[in-house]
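Working notes, structure below.
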Amino acid sequence: MLVKRLDLKVGFACNNNCRFCVVSNKREKGNKTTEEIKTDLKNSRDCGVSGVVFTGGEVTIRKDILELVSYAKDIGYETIQLQTNGRMLAYKTFCKKTISAGANQFCIALHGHIPELHDFLTRSPGAFNQVVQSIKNLKALGQFVTTNTVITKPNYKFLPEITRILLKYKVPQFQLAFVHADGNAWKNFDMIVPLKTLVRPYIYKSIDLASKTKTVAMVEAYPFCFMKGYERYCSERFIPPTEVKDVDYSIPNFDETRKNDGKCKGPQCKECRYDLICEGPWKEYPQKRGWNEFIPVPGQKIRSYNELV
Ligand code: SF4
């Protein structure tokens, strides 16, 4: 499979401390050096990879981020995405500098519809207002802005309200990602991880709101058996073949690792019509909650994402 995208972890320092942070256990690994990151970029580019997602940790708090983005542009990356908590991009001057350096996609995290909720989840007072400002700044500068919202117990009832904010600012694409119960989310499991079945009506409502507009909605780590009539919004079908370069290891084909090590299937999945294309949930969820919520869907087996209507 031809890898199209490099998922480049620049390190794990962050100016948020989210209650659900999936990489909180990696914080002590610190950050990569400028030269290490440039080497990662060069090696992947030499193998024909044309897109890079700078991720972490928080990429925008690095002093060398503009130099790194500029380097990625110079060596021929076409798509250069910053995956960010959005706080630094509240400064319009900084937005302009990242764009000038070569960033052309921004994926911003929004986890609440009001400061009290977003700031509670991120444990960062003022973060909500900064995120909203960052979206406004980037849209005003004509940038392609997507967002990611981690679905948690404190925020799931407000997913439609979060969606309304995104529609108000004409974000072209957003993802609702069911929390991956690793790191802080595992430590805070009972406070953070909702029942998958309880979340469903709020996901449907969010998709319904988006579908009246041009905004594209996607839902991650929420298998097909919960998405009756909404199966085509499952985001796994859109994830390009991805290589991961972490701080101390690399994964040449993350698709396989995600499916085989990160996620899992239940004993009843073989009876489900989506078994051949479904990745199942992140494995930590059924470790805690079991498989009772996952009801196999009857019918002829679906063999390809293209068969989803
Ligand atoms: S294969 Fe399993 S997890 Fe996937 S949709 Fe079917 S029952 Fe749900």
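Atoms within a ligand are numbered from 1 in the order they appear, just like the ligands themselves.
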Please list, in number order, the atoms of ligand 1 under 4.0 Å from a heavy atom of P223.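 Within the 4.0 Å cut-off of P223, ligand 1 contributes 3 (S).
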Less than 4.0 Å between a side-chain N and a carboxylate O, is that true for K26 and D246?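 Salt bridge between D246 and K26, a charged N being under 4.0 Å from a carboxylate O: yes.
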Identify whether the distance between the nearest side-chain nitrogen and carboxylate oxygen of K245 and D7 falls below 4.0 Å.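 Not counted as a salt bridge, because no side-chain N and carboxylate O are separated by less than 4.0 Å.
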Is it the case that the ring center of [Y] lies less than 6.0 angstrom away from the ring center of [X]?
{"X": "W282", "Y": "Y285", "value": "no"}
{"X": "F128", "Y": "H113", "value": "no"}
{"X": "Y204", "Y": "Y230", "value": "yes"}

In the protein, which heavy atom is nearest to atom 8 (Fe) of ligand 1, and how far is it?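 For atom 8 (Fe) of ligand 1, the nearest protein heavy atom is C225 SG, 2.3 Å.
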I need the nearest protein heavy-atom contact for atom 2 (Fe) of ligand 1: residue, atom name and distance, please.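 Its nearest protein heavy-atom neighbour is C269 SG, 2.3 Å.
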Which segment of C278 sits under 4.0 Å of ligand 1 when only heavy atoms are counted: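 Side chain only; the backbone of C278 stays clear of ligand 1.
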Part of K265 with heavy atoms under 4.0 Å of ligand 1, whether side chain, backbone, both or neither: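 Side chain only.
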Joint cluster assignment, F54 & I108, ILVMFWY side-chain distance < 4.5 Å: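 Yes; tracing contacts between hydrophobic side chains, which count when under 4.5 Å, links both residues.
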Within-shell test, P296 vs ligand 1, heavy atom, strictly < 4.0 Å: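 The answer is yes, since P296 has a heavy atom less than 4.0 Å from ligand 1.
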Output yes if C272 passes the N/O/S-under-2.8 Å test against atom 8 (Fe) of ligand 1; output no otherwise.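 C272 does not place any N, O or S atom closer than 2.8 Å to atom 8 (Fe) of ligand 1.
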